[in-house]
Amino acid sequence: MKLILKENVAGLGFKDDVVEVKDGYGRNYLIPRGMGVVATKAALKQHEEIMRQKAHKLEAIKAKAQSVADQLKDKKLNIPMKVSEAGTVYGGVNAALIAELLGKEGVEVDRRIIEIKVPVKVVGTYTAHVYLHKDITVEVPFVVVDEDAPVVEIVEEVIVPEAPAAPAAEEAAE
């Protein structure tokens, strides 16, 4: 069954995409919830006309998504969490927490467009995928650390050259 999506559906497609789905999924889930409509000839023709008219608006939306992507490109989040002695994280890191931390950094992102592909169970480095537009995805690395661990500052090591042997020591030996 061909459908025209009326909103973004995770794992299927984005708004205004024409997708092929199984009949039961389309009839029993997507259409009753208003997420899609059947792609008849008339609906496809109307959809093409609407998309032609929206083309310039879509370019503006894509440009806005690209500007957010540029802001996110160099971000790396540090997430302090309660950690057991074994190194496992109490609670969890989820998309809402990532969105909140990005908001504090000055980049507003909806939690629904953030995906963490692996469960965050231990201290370490992970990656969150932010789907800003169907063509623009940004990977935001984040590090989960123990909130009770002492903060270690890295200080440059100062190398002091060894002083040559004192001539007084040689004179005393004679």
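Along the sequence shown, residues are numbered consecutively beginning with 1.
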For [X] and [Y], which heavy atoms make the closest approach, and how far apart are they?
| X | Y | result |
| --- | --- | --- |
| A69 | V138 | CB-CG2, 3.4 Å |
| L12 | V19 | O-CG1, 4.0 Å |
| H129 | E139 | CE1-OE2, 3.1 Å |

Test item: [X] and [Y] side chains (from C-beta on) under 4.5 Å apart, heavy atoms:
| X | Y | result |
| --- | --- | --- |
| K75 | E105 | yes |
| V38 | R27 | no |
| V37 | I31 | no |
| L3 | V18 | no |
| K62 | I136 | yes |
| V109 | V140 | no |
| L97 | M81 | yes |
| D16 | K54 | yes |

Hey, quick one: are [X] and [Y] part of the same hydrophobic cluster, counting side-chain heavy atoms closer than 4.5 Å, chains of contacts allowed?
| X | Y | value |
| --- | --- | --- |
| V118 | V143 | no |
| I116 | L72 | yes |
| I79 | L102 | yes |

Name all residues meeting the side-chain contact (heavy atoms from CB on, under 4.5 Å) criterion together with E48; count only those two or more places apart in sequence or in a different chain, and write none if there are none.
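Applying side-chain contact (heavy atoms from CB on, under 4.5 Å) to E48 gives none.
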In chain order, what residues pass the side-chain contact (heavy atoms from CB on, under 4.5 Å) check against E147, with sequence neighbours excluded?
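Counting only residues at least two positions away or on another chain, E147 forms a side-chain contact (heavy atoms from CB on, under 4.5 Å) with P80, K82.
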Using the ring pair (Phe, Tyr, Trp, His ring centres under 6.0 Å) criterion, which residues pair with F142? Sequence neighbours excluded.
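F142 satisfies ring pair (Phe, Tyr, Trp, His ring centres under 6.0 Å) with Y126 only.
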Do you know which of M35, E7, M1 makes side chain to side chain contact (heavy atoms under 4.5 Å, CB included) with L30?
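Going through the options one by one, the only one that passes is M35.
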Nearest-0.5 Å distance that lies between atom NE2 in H47 and atom CD1 in I4:
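The CD1 atom of I4 is 5.5 Å from NE2 of H47, to the nearest 0.5 Å.
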Show, in sequence, the C-alpha distance, side-chain angles and deciding distance for V144 and V93, and conclude whether the side chain to side chain contact (heavy atoms under 4.5 Å, CB included) test is met.
CA-CA 8 Å; V144 177; V93 176; 3.9 Å; yes
For Q46, look at atom CD and say whether over 12 heavy atoms of other residues, nucleotides or ligands are found less than 6.0 Å away.
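It does not: Q46 CD has 12 such atoms or fewer within range.
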Is there a donor-acceptor pair under 3.5 Å between the side chain of N28 and the backbone N or O of G24?
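Pair found, side chain donor or acceptor close to backbone of G24.
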Side chain to side chain contact (heavy atoms under 4.5 Å, CB included) assessment of F14 paired with L5:
CA-CA 7 Å; F14 293 93; L5 294 179; over 6 Å; no
